[in-house]
Structures are given as C-alpha cells and as structure tokens.
A.B. asks: 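Dropping a structure here in structure tokens format, bear with me for questions.
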Number of protein chains: 2
Amino acid sequence: MKPTIKMIAEQTGVSTATVSLVLNNRPGVSEETRKRVKETITKLNYFPKRSASQLARKQTGNIGFIIWEDHFSEIEMFYSQCFLGMELAARDSDYYILLTTVKLDFKIPSNLPRFLRYDDVDGVVLAGRVPHNLVSMLEKRKIPFVLLDYELPGKNHHKVLVDNFQGAYTAVQELANSGRKNIGFIGGSSDHPSIKERYRAYLAANHDLGLLSDENQKDYVYARNKEITPEIGRDGIRKLLTGDIPLDAVFCANDTLALGALDELKRQKIDVPGKIAIVGFDDIYAGRYHAPPLSTVRVPKVELGKEAYKLLVEVINNPKQISQTRTISVDCLCRETS
Amino acid sequence: MKPTIKMIAEQTGVSTATVSLVLNNRPGVSEETRKRVKETITKLNYFPKRSASQLARKQTGNIGFIIWEDHFSEIEMFYSQCFLGMELAARDSDYYILLTTVKLDFKIPSNLPRFLRYDDVDGVVLAGRVPHNLVSMLEKRKIPFVLLDYELPGKNHHKVLVDNFQGAYTAVQELANSGRKNIGFIGGSSDHPSIKERYRAYLAANHDLGLLSDENQKDYVYARNKEITPEIGRDGIRKLLTGDIPLDAVFCANDTLALGALDELKRQKIDVPGKIAIVGFDDIYAGRYHAPPLSTVRVPKVELGKEAYKLLVEVINNPKQISQTRTISVDCLCRETS
DNA sequence: CTGAAAGCGCTTACAG
DNA sequence: CTGAAAGCGCTTACAG
C-alpha cells in the first residue's frame, strides 16, 4: 500500500502539518524533528501525491508548450530541441510540460488547447510563429506566457530570442574575412521576424564593410515570401547565378535554403567553396551530415528552451514582473562550404 | 470566481452527486434532471477541476511517452510524428501526454523519468529503441505499456509495429516490375528489429522473384552495424559500385541511407534513375524535398501514434488483456528516383 | 516549534 | 432516481 502523509506522520510521531512543512522545505520545524521526518520518508519511500497537493495549493503544476503544427512536424528539429531543453530544465523542478500543436488559422474557443480551456496550466511557452489571437487571449486571461524565437511587432511580451542580427552579421563578416567580396542573400518567409532580422544584418554588414553598393544590392538578394523549402534555395541560387553579377558567396537565411542552394550548385558542377561559398543559419542535422558539411550559424536550441523555461517560472512566481527580452548569442560555425 | 460542482448543484437545485453523475455520463439520473444540470453547466461555463477528480478517482489522467534522447533530437521527424498522432488521439479523450527522453545507458532508479518515479501516469508508450531494463521495470511494477515501432526478441508485449517486411518486399517487387534485375541493399544498425526485418524481406523478395543467386548475394549487400547516417549510405553505394557486379537498383533500409547514396551518385555523375534506381524507407521530410524527390516506402507515422494511444487506453482499462501486436500496413511511394 | 481542524473540489458507496 | 456524507491526500491559517 502506497504510503500517505498520514502514515509518515504517525510513524514519526508528529502531525501531518509538520510533515508537510518538511516536504516543502519550509521553516518552522526544529532540525531534530525535520531529520526524523526525513528518515521515515526515506524509509517508507514516500512521495506526495501530486493531485492532492495541487488541489490544496490551487496550482496545476503544469506548463503548456504550444507550437504551430507545421513547425513541429515538417520543419527541421529546431523546436523539438527547444522543447527538449525545456524538459531538461523542468526535471530539476516540479512542473510537467504539456506539448500541443495548433493551426495558424486559430479559432477561439473551438481550437483552444485542452489545457487552456480547462485551466490546467500555470503558464505557457509559445514556440515560433503562433496565432496572434491566441496571444491576445492569454493576455486577456492573464495567463503567464513567454514567447520563444518569435515576437509580435510593437508589443511588449516576455520573450527569449536568438541574436539573429549578430549571427547573420558575423556570418557575412566571416565570409568577407576569408576574401569574399560579392555576397548574395537567399531568404524567404519575410513575415517571420527572425528571417527579417537576418536580412537586415546582411545589409548592414555589407554596408559597414563597404561591399555592396546600394544600387546593385537588389541583384544580390533573392527572397520569396512563402514557407521555406529547399526548393526556394535552389531557385535562389539559380536566379543569382544568371544575374550577370560577380558572385563568390551566398549567405542563406537558414540551412534548409542553404542545402537547396548547395544541391543546385552540385548539379551545375560549381565548386563549393572554391568558386562560391555558402553559409546557412540554424545548424540543423541535415547540414551537419551533408557532403560537404554545411557552414552555418549555430543556434543553441536546447539552451533556448531552458532559458524560456526559467523565464516562465520567474513570471509565474511574480506575474506583474515587467516584461523582458533575453537574447541568446550565436556563433558562426565554419565547416566546409566556406 | 470559477464555478465549482457545488455551485452547479445549488443553482440547479440538486446534489453534487447528481451533477457528478451527469458530468461523467453515467446512468441513474432522469432525463429531465440531466437536462437541467447540463443547462446550468453551460450557463456558468463550468468544467470540473482535474486535480480534484483525479484525487477522488485515484487516477492520474496522464500517459507517458518515452523516447530515446538521440531518436528524439537527431534522427528524422519519425517519432515526433508518432507523438503528434498520440496527441491528436488524446484530444478526444481526457489524457494528457507527458513526453520525456531517456538515455540508452539507463540506470534505475536515478534515470527514471519523474512521472514514473512519482506514479504520475496511468500508462506509458515507449517509442522506438528503449532500454530493456526500463521495460522490465514496467513489467515488474505492472504499469500498462505499449511498444511503438520496437520489440524485444522472445517477449510478449503490447505493441504497434510497421509492416516492415511487407513494405520492403513491395519495394523490391516494384523495382523488379520496372525491369530492374540486379538490386543491391544498403543497411545498418542491424540490432534494430525494423532494419533487420527489411533486410529479411529484401532477401525473400529476391529469392521469390528469382533475382539473386545465393552465392553472389553478399556482393549486393552493404550493412554497417552502427547508428545510421547519410555517410553510411555514401559508403554503401561506393562499395557496391566498385564490386564488379551488374547493378541497376538499390533498396536502402531507410531514407537517410538513400539520401546519402543519392548524394554520392550525383557526385559520381551517375544517372538516377536512368542507370541506377534508388528506393528508401520511411518517407522523411528531406526525401520529399530532395531533387529529385526520393522514392520510398511511406510509413503513416501519425496513424502509428494514434493506434498506440488507442491500444494503451484499452490496456489501461483492462490491464489483464492478453498481449497483442498491431501491424500497420505501408505503401511504396514511387517518386522520381525509381 | 507543533498539532487540531478546516478546506481544496471532486467521486462513490449507501440509504431512502 | 436522488441526496447526505465520507473519503481521496494534501496545505494552510490558527491556536497554543
């Protein structure tokens, strides 16, 4: 029979109140008593029942993790890794994490995740692009939340971001340092803030390094505003190559695009990095195992998740805390395509 | 103030017991009363508090989803999709799913997932390769569980499997139907039952179709017993090509291998599928967007997860149910590499 | 520092 | 068919 707090109390010869104080590391118990309680806890291998303490404490002990369905299932492992980071961080605490996906055409209340509909979470992390009406709803219901790798323009929210600007800037800088002078850009999905940032940094770096003149800038840029696939990368490099411009490097807004570009270059038998260097962004699995391995900007995805978790817990414990942004630094990882 | 069952009872003019019966769709309430209760529930937008009913019911309402850390983070989206299927299925019911990863060198109790240590799940799904001592522990503690895409040799467990044999057999058959006569095999990680099955089917199909003689069989097979990467695929095709044997097709044990092989063929400028056809297995995202798109055996991952969920719920409701295997059929998806 | 007791919000025999 | 009441296993004022 599973031990209860009552059994611990009886065995130790104290009240359940005292046991509870010990369990939760709270003051008001003599060292001597505390020690004896702990001993019987160990002896009987006791642990408190979650649902009981939740009920008494009026908490759920859960954190929600919400992600756009397409991001979770089709794109690279990016957000799964973030989730893993959250899970790892949560292991040191008491929260369970409830992962669910949403569609972008989000209707309230029919599409509301169960844990939101039934008030089963103490807070929520929203990873990547999410429906804006969902965010508004969380604000309205005053549910603590943190945005992960996403932001809404003109809004103050708690968020954890990748330093996209610095990452992209560094990438272009590294290309320039290795002697490249004519650096193209392949982008896409410009409604995603991250991609936009990377583009801004590309322009800024080129400007700062005195590489691109304003007038030929547009010949060096290819961007389609739709979901990113390798196809866009292939189209992009093709377009840049037929552009009748000198070109010795391309910075791609992410690895998926870079992989597509590399594939097309291989098909056209253009030497990489001999003739053209390619650098991506994100450091996805497929890039690591590509032949040749893709140079990229490494994003610490697990750490991103951990940070989001930590921030959310702080917000839960202090809901009126003024909103903040935590920006995680990234490194350029020079492998064999640059 | 959030409504409770007591408020519903008072407003309707019945007891909380009656409200509870209505909530759980249980008999013993007149249609008239049931209707009135439901009305006030809707009016007050009431829903029962999970922790309270869990406590009273002595259930947790949670299901655990356990997966090897490397599988979750490094390999293709396979198991994430299975998880998604589970999540989708769970939405129609009342369970929350707790996802956690484990390492393969698993120590009890230090590495035990929290939800297992604290008895916070009613059952568990184990996806892909998992530590065997974990499985033994679940058996010993009589926790209901289902294996997903994995099995332990010589053991009876509830499990949901892919029809690897039929899938691989069909793939070879299709290659033969399109005129290929000399079909190689690239495998790896032969301690994984699925890969082994696919290899068995490859041999059986060749035998049944009268393609390979027993003596030259081994010249057509390349398999390394380590974690599968594109690298092994590249090595494999290189090895087969230098084997001084006629070769017009290769069946790869999964898409990752196939992608590696395709890459090497492109580098060697060997026409696919003109000279050599390639077929993989799994239907991963990267294969779909490869140029040319990879022919493969499509595995319905979401359905796999849904089925595992359904089976587990059945087992939870009837723990002594005799163990069973559900095998999910797969189709050969002929795209442009065959 | 410690204990008796109420309370968290449900479910489930049991009696009528 | 319906209600009063006990019970699930914790936490938290409150009194001493």
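Reminder, nothing fancy here: chain letters follow the sequence lines and each chain counts from 1.
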A.B. asks: Quickly work out the B:Ile41 CD1 to C:dC10 P distance and round it to whole Å.
C.D. replies: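 So the CD1-P distance, B:Ile41 to C:dC10, works out to 10 Å.
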A.B. asks: Taking NZ, NE, NH1 and NH2 as the nitrogens, is one of them in B:Glu87 or A:Arg114 under 4.0 Å from a carboxylate oxygen of the other?
C.D. replies: yes
A.B. asks: List the steps, then state whether side chain to side chain donor-acceptor pair (under 3.5 Å) holds for B:Thr18 with B:Arg34.
C.D. replies: CA-CA 8 Å; B:Thr18 302; B:Arg34 192 180 296 270; over 6 Å; no
A.B. asks: Is it the case that the side chains of B:Thr16 and B:Lys6 hold a donor-acceptor pair, with the cut-off being a distance below 3.5 Å and no angle test?
C.D. replies: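 There is no such pair (donor and acceptor under 3.5 Å, judged by atom type) between the side chains of B:Lys6 and B:Thr16.
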A.B. asks: For C:dT2, which nucleotide is its Watson-Crick or G-U wobble mate, given both distances must be under 3.5 Å?
C.D. replies: D:dA15
A.B. asks: Identify each atom pair where a protein N or O and an N or O of nucleotides 14-16 of chain C are less than 3.5 Å apart, giving names and distance.
C.D. replies:
none

A.B. asks: Quick one, which residues of residues 26-36 of chain A touch DNA chain C with a heavy atom under 4.0 Å?
C.D. replies: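 A:Gly28, A:Val29, A:Ser30, A:Thr33 - these, ordered by number, are the residues of the stretch whose heavy atoms sit under 4.0 Å from the strand.
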A.B. asks: Given atom CD of B:Gln59 and atom C1' of C:dC10, what is their separation to the nearest angstrom?
C.D. replies: 13 Å
A.B. asks: Return the orientation label for the B:Phe83 and A:Phe72 ring planes: parallel under 30°, perpendicular over 60°, tilted otherwise.
C.D. replies: perpendicular
A.B. asks: Report yes or no: do A:Arg91 and B:Thr100 form a side-chain donor-acceptor pair below 3.5 Å?
C.D. replies: yes
A.B. asks: Mind telling me whether B:Tyr309 and B:Tyr95 have parallel, tilted or perpendicular rings, with 30° and 60° as the class edges?
C.D. replies: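 Perpendicular, since the angle between the ring planes exceeds 60°.
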A.B. asks: Is it the case that A:Thr60 and A:Asp122 place a side-chain donor and acceptor less than 3.5 Å from each other?
C.D. replies: yes
A.B. asks: Under the side chain to side chain donor-acceptor pair (under 3.5 Å) criterion, do A:Gln321 and A:His158 qualify, and how do the steps go?
C.D. replies: CA-CA 9 Å; A:Gln321 184 181 320; A:His158 293 282; 4.7 Å; no
A.B. asks: Tell me the interatomic distance from A:Arg50, atom CZ, to D:dT11, atom P, rounded to whole angstroms.
C.D. replies: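 To the nearest whole Å, that distance equals 12 Å.
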A.B. asks: Can you confirm if the aromatic rings of B:Phe78 and B:His71 lie within a centre distance of less than 6.0 Å?
C.D. replies: no
A.B. asks: Could you check whether B:Asp119 pairs with A:Arg50 (Lys NZ or Arg NE/NH1/NH2 to Asp/Glu carboxylate O, under 4.0 Å)?
C.D. replies: no
A.B. asks: Counting primed atoms plus P, OP1 and OP2 as sugar-phosphate and everything else as base, spell out the protein contacts along nucleotides 3-9 of chain D at 4.0 Å heavy-atom distance: B, S or - for each nucleotide, 5' to 3'.
C.D. replies: BB--BBB
